[in-house]
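Encoded as structure tokens, the structure appears first; notes follow it.
What you are looking at is a predicted structure, and each value in this text was computed from that prediction instead of being measured. For this chain, numbers begin at 1 and follow the sequence in order.
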Amino acid sequence: MKLKIKKGDIVQVITGDDKGKTGRVMLVYPKKMKILVEGVNIQKKHTRPTQADPKGGIKSKEMPIHYSNVMILDSDKNPTRIGIRIEKKGNKRQSIRYAKTNGKDL
């Protein structure tokens, strides 16, 4: 399934423990239908000492969340759904994402 949320989009979390937080999408996992958002869903990970990290300890790490738990922000910083409009430019057809709230391109 192709997701409408892309890498680099700014999204807002609408459900869960991080509800209301905003962040930039760093990675998209289309097969798992999950996205990795900067500063959201941070969990602790215990690591052993290694040669690369001789101290080890507890590290904070961002974990992916399901894409249905976020909404993309439009140009007015409001959460919105995404629509797709197809425009013709010469012989080529191009699909353009737009915000449903104000109709502007994303």
Side-chain angles (χ1 to χ4, degrees):
M1 181 174 180
K2 189 173 181 181
L3 303 181
K4 295 180 182 178
I5 296 174
K6 309 282 183 207
K7 179 180 176 181
D9 288 343
I10 300 198
V11 295
Q12 181 177 5
V13 180
I14 56 172
T15 58
D17 294 337
D18 295 321
K19 182 178 179 176
K21 287 187 180 179
T22 60
R24 184 173 301 276
V25 176
M26 298 190 314
L27 285 172
V28 177
Y29 304 102
K31 287 186 180 179
K32 296 180 182 178
M33 299 179 79
K34 293 189 176 210
I35 59 173
L36 186 68
V37 182
E38 185 177 26
V40 174
N41 197 20
I42 296 175
Q43 295 179 356
K44 304 283 187 189
K45 181 157 176 66
H46 297 266
T47 58
R48 285 179 169 243
T50 61
Q51 286 185 341
D53 184 19
K55 212 162 187 176
I58 302 172
K59 309 285 184 194
S60 295
K61 185 178 180 184
E62 293 151 342
M63 300 300 283
I65 58 174
H66 199 267
Y67 86 103
S68 66
N69 295 335
V70 299
M71 288 183 87
I72 195 164
L73 294 179
D74 61 7
S75 58
D76 302 329
K77 306 290 185 228
N78 296 323
T80 182
R81 290 174 298 153
I82 302 169
I84 295 180
R85 178 174 56 237
I86 296 176
E87 291 183 357
K88 281 190 171 183
K89 290 190 176 181
N91 292 344
K92 294 185 178 181
R93 292 171 49 162
Q94 186 177 14
S95 60
I96 297 173
R97 298 182 308 154
Y98 70 95
K100 293 260 187 160
T101 52
N102 57 11
K104 295 181 182 175
D105 293 347
L106 295 173

- prompt: Do you see a donor-acceptor pair shorter than 3.5 Å between the side chains of D74 and T101?
  reply: yes
- line: The complete set of salt bridge (Lys or Arg N to Asp or Glu O under 4.0 Å) pairs with one or both residues in residues 21-30, sequence neighbours excluded, reads D18-K21
- request: Please name all residues satisfying side chain to side chain donor-acceptor pair (under 3.5 Å) with R81, sequence neighbours left out, ordered by chain then number.
  value: none
field: salt bridge (Lys or Arg N to Asp or Glu O under 4.0 Å) involving K59 - partner list, sequence neighbours excluded
entry: D53
statement: Grouping ILVMFWY residues whenever side-chain heavy atoms fall under 4.5 Å, the cluster of L73 otherwise contains I10
- prompt: Within the distance-only criterion (no hydrogens, no angle test), does the side chain of E62 pair as donor or acceptor with the backbone N or O of G39 below 3.5 angstrom?
  reply: yes
- request: Look at the side chain of S95 and the backbone N and O of I86, then say whether any donor-acceptor pair between them is shorter than 3.5 Å.
  value: no
message: Under 4.5 Å side-chain heavy-atom separation, chaining through any Ile, Leu, Val, Met, Phe, Trp or Tyr, what else clusters with M26? Say none if it is isolated.
response: L27, Y29, L36
- request: Name all residues meeting the salt bridge (Lys or Arg N to Asp or Glu O under 4.0 Å) criterion together with D9; count only those two or more places apart in sequence or in a different chain, and write none if there are none.
  value: R97
message: Checking side-chain polar atoms at under 3.5 Å, does N102 have a donor or acceptor matched by the opposite partner on S75?
response: yes
query: Tracing side-chain links under 4.5 Å among I, L, V, M, F, W and Y, which residues wind up in one group with M63?
result: none
- line: Contacts of K4 meeting side chain to side chain donor-acceptor pair (under 3.5 Å) (sequence neighbours excluded), chain-then-number -> none
field: K6 atom NZ: more than 12 heavy-atom contacts under 6.0 Å
entry: yes
- request: Output all residues satisfying side chain to side chain donor-acceptor pair (under 3.5 Å) with D17, sequence neighbours left out; order by chain, then residue number.
  value: none
statement: T50 meets the side chain to side chain donor-acceptor pair (under 3.5 Å) criterion, sequence neighbours left out, with none
query: Given the rule in the side chain to side chain contact (heavy atoms under 4.5 Å, CB included) test, do K44 and S60 qualify, once you have shown the distances and angles that lead to the verdict?
result: CA-CA 5 Å; K44 304 283 187 189; S60 295; 3.4 Å; yes
- request: Kindly compute the distance separating CD1 (I5) from CE (M71), expressed to the nearest 0.5 Å.
  value: 9.0 Å
task: Look at the side-chain heavy atoms of Ile, Leu, Val, Met, Phe, Trp and Tyr, link any pair under 4.5 Å apart, and say whether M33 and I72 land in one connected group.
output: yes
message: I need the minimum non-hydrogen distance between K55 and P49, along with the two atoms involved.
response: O-CG, 4.0 Å
query: Among the clusters formed by ILVMFWY side chains lying less than 4.5 Å apart, do V13 and V28 turn up in the same one?
result: yes
query: Taking C-beta and beyond as the side chain, do L106 and I82 meet within less than 4.5 Å on heavy atoms?
result: yes
- request: Not counting sequence neighbours, which residues clear salt bridge (Lys or Arg N to Asp or Glu O under 4.0 Å) with R85? List them please.
  value: E87, D105
field: OG1 on T15 to NE2 on H66, rounded to 0.5 Å
entry: 10.5 Å
Sequence-distant partners of K88, side-chain contact (heavy atoms from CB on, under 4.5 Å), two or more places apart: R93
